[in-house]
Amino acid sequence: MWWTNDSTLPGFILVGFSDRPQLELVLFGVILFLYMMTLLGNATIILVSLVDSKLHTPMYFFLSHLSFLDLCFTSSITPQLLVNLGGSDKSITYGGCVVQLYVSLALGSTECVLLAVMSYDRYIAICRPLHYAFAMRPGFCHILASVAWLSGVATTLIQSTLTLQLPFCGHRQVDHFFCEVPVLIKLACVDPTFNQAELFVASVLFLVVPLSLILISYWHIALAVLKIKSAIGRHKAFGTCSSHLMVVIIFYGTIIFMYLQPAKSRSKDQGKFVSLFYTVVTPILNPLIYTLRNKEVKEALKKILGRTL
């Protein structure tokens, strides 16, 4: 049976990990736990950043945006993934796939830009501390955050729309656990060279460029940290920077593997497991690495809990 690309489509079959039933049960338990922790951790960061006036700084302004992004991003993918892992029905409606495609791509692209903005904030704070108050004034911070969000919306309007214009000719089996641009392009029954070229350009702009800016920022930060006379201070600063870089490398590295590596050079299961890192793992790592280890956040949490109790 052949269908056209419109809302009358019966939907898609998300193959996911259905060829490994025992693994599905394990993944269901692990992903459910990580999802609940992601919701709790990121919601806590947003609450603390709003309530405690001491955290009304540029760093926590961007961190609250990051937490909100992670909440929405993982929630656009994980619930459907859990439904498919926990039952025999692996289908998703055409409308559900379209919404998931637009929303997840917009949020993921926004996070790519926002992480670069956050590295710039840390660069100014550590390498140009005397200029920090002026350089990261509230109005400019709102502009940077707006640029991140608008760039994410713009890229999903272009990429997702171009992807959905492709004829799928009745191909319904998506060999993935959610609707994503690279796997949907593979379903096309026409030559997708233009879409692949557009995806490559967008991936360079939203992955390679931000990652390069982040690495340059942290290189300058590392040079500044080396000038710290206190060995304890250097050790603490390097510990913080290395943990931040770990999250950045996991996030960008796994997405680059999925979006920039030729599909023929990886196995079908590799892409699925790699995608789990940037859809499920990094959203829980961000609150753990960036803030919950932070002394200021811990003190703010104690105050809020004290008032509540």
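- To the nearest 0.5 Å, atom OG of residue Ser64 and atom CG of residue Leu55 are 10.0 Å apart.
- The distance from atom NZ of Lys227 to atom CD1 of Ile126, rounded to the nearest 0.5 Å, is 13.0 Å.
- Under the 4.5 Å side-chain criterion, counting only non-hydrogen atoms from C-beta, Leu184 is in contact with Leu101.
- The shortest heavy-atom contact between Tyr218 and Ser119 is CE1-CB, 4.0 Å.
- By the criterion of side-chain heavy atoms lying less than 4.5 angstrom apart, applied directly or through intervening Ile, Leu, Val, Met, Phe, Trp or Tyr residues, Val248 is grouped together with Ile124 in one hydrophobic cluster.
- The minimum heavy-atom distance linking Thr78 with Thr279 is given by the pair OG1-O, 4.3 Å.
- Phe177 and Phe17 have parallel rings, their planes meeting at less than 30° on a 0 to 90° scale where 60° marks the start of perpendicular.
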*asked:* One pair to check against side chain to side chain contact (heavy atoms under 4.5 Å, CB included): Ser75 and Tyr35. What are the steps and the verdict?
replied: CA-CA 8 Å; Ser75 294; Tyr35 181 55; 2.9 Å; yes
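- Annotation: side chain of Phe251 is in contact with side chain of Cys112 (closest heavy-atom distance under 4.5 Å).
- Between the side chains of Tyr259 and Glu180, at least one donor-acceptor pair of N or O atoms lies under 3.5 Å.
- Considering every non-hydrogen atom in both Leu105 and Thr156, the closest pair reads CB-OG1, 3.5 Å.
- Closest heavy-atom contact between Ala116 and Ile214: CA-CG1, 3.7 Å.
- Taking CD1 from Ile45 and OG from Ser67, the interatomic distance works out to 5.5 Å, rounded to the nearest 0.5 Å.
- Proximity of His176 to Met258: side-chain heavy atoms (C-beta onward) are separated by under 4.5 Å at one or more points.
- Within the 4.5 Å cutoff, side-chain heavy atoms of Leu27 are placed close to those of Leu276.
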Identify every side-chain donor-acceptor pair in residues 200-209 under 3.5 Å, counting partners at least two apart or on other chains, and give the distances.
unit_1 : atom_1 : unit_2 : atom_2 : d
Ser203 : OG     : Leu199 : O      : 2.7

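- Put simply, CG on Leu260 and OH on Tyr252 are 13.0 Å apart, with the number rounded to the nearest 0.5 Å.
- Side chain of Thr38 to main chain of Leu34: a donor-acceptor pair is present (N/O by atom type, distance under 3.5 Å, no hydrogens or angles).
- Under the disulfide bond (SG atoms under 2.5 Å apart) criterion, Cys179 pairs with Cys97, not counting sequence neighbours.
- Other cluster members for Ile143: Val147, joined by side-chain heavy-atom distances under 4.5 Å among Ile, Leu, Val, Met, Phe, Trp and Tyr.
- Annotation: side chain of Ile216 is in contact with side chain of His220 (closest heavy-atom distance under 4.5 Å).
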*Is there a side chain to side chain contact (heavy atoms under 4.5 Å, CB included) between Cys141 and Phe62 once you walk through the steps?*
CA-CA 8 Å; Cys141 290; Phe62 292 125; 3.9 Å; yes
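- Hydrophobic cluster membership differs between Val83 and Ile92, with clusters built from Ile, Leu, Val, Met, Phe, Trp and Tyr side chains linked at under 4.5 angstrom.
- One distance of note links CZ of Phe61 with CE of Met136; it measures 9.0 Å at 0.5 Å rounding.
- No side-chain heavy atom of Pro287 sits less than 4.5 Å from a side-chain heavy atom of Thr44.
- Nearest heavy-atom pair across Ser275 and Gly271 is OG-O, 2.7 Å.
- Asp191 and Gln196 are not linked by any side-chain donor-acceptor pair at a separation below 3.5 angstrom, with hydrogens and angles left out of the test.
- Between Tyr60 and His56, a ring centre-to-centre spacing not shorter than 6.0 Å is recorded.
- Connection of Ile13 to Leu81 is not established within any shared hydrophobic cluster, with ILVMFWY side chains joined at heavy-atom distances below 4.5 Å, either directly or through further cluster members.
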*Derivation and outcome, side chain to side chain contact (heavy atoms under 4.5 Å, CB included), residues Leu187 and Arg172*: CA-CA 8 Å; Leu187 289 183; Arg172 297 182 59 208; over 6 Å; no
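- For Phe140 and His142, the gap between ring centers reaches or exceeds 6.0 Å.
- At a threshold of 4.5 Å between side-chain heavy atoms, the hydrophobic network of Ile, Leu, Val, Met, Phe, Trp and Tyr places Phe273 and Leu25 in two separate groups.
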*Decide side chain to side chain contact (heavy atoms under 4.5 Å, CB included) for Asp70 and Thr74; before the verdict, give the C-alpha distance in whole Å, the side-chain angles of both, and the deciding distance to 0.1 Å.*
CA-CA 6 Å; Asp70 284 334; Thr74 192; 5.8 Å; no
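- Considering only heavy atoms from C-beta on, Leu164 comes within 4.5 Å of Tyr102 through its side chain.
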*Before giving the answer on salt bridge (Lys or Arg N to Asp or Glu O under 4.0 Å), spell out for Asp175 and Lys272 the whole-Å C-alpha distance, their side-chain angles and the decisive distance to 0.1 Å.*
CA-CA 9 Å; Asp175 195 12; Lys272 299 174 190 177; 2.8 Å; yes
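- A heavy-atom distance below 4.5 Å is found between the side chains of Trp149 and Leu107.
- Both the sub-6.0 Å distance and the 45° axial angle are not jointly satisfied by Arg122 relative to the ring of Tyr120.
- With sequence neighbours left out, the salt bridge (Lys or Arg N to Asp or Glu O under 4.0 Å) criterion links Arg20 to Asp269.
- Under the 4.5 Å side-chain heavy-atom criterion for Ile, Leu, Val, Met, Phe, Trp and Tyr, Tyr94 and Val15 are members of distinct hydrophobic clusters.
- The environment of OH in Tyr132 is crowded: more than 12 heavy-atom neighbours from other residues, nucleotides or ligands sit within 6.0 Å.
- Counted within 6.0 Å of CE on Met37, heavy atoms from surrounding residues, nucleotides or ligands total more than 12; the atom is thus considered enclosed.
- Annotation for Arg128: atom CZ does not count as buried by contact number, only 12 or fewer foreign heavy atoms lying within 6.0 Å.
- The distance from atom CG of Asp121 to atom CG of Leu63, rounded to the nearest 0.5 Å, is 8.5 Å.
- Think of Ile158 as one node in a network of Ile, Leu, Val, Met, Phe, Trp and Tyr side chains linked at under 4.5 Å; its network also takes in Leu162, Phe194.
- Across every non-hydrogen atom of Ser104 and Phe73, the tightest pair is O-CE1, 3.4 Å.
- Listed by first then second residue, pairs satisfying side-chain hydrogen bond (donor to acceptor under 3.5 Å, both in side chains) with a partner in residues 21-31 read Glu24-Lys90, not counting sequence neighbours.
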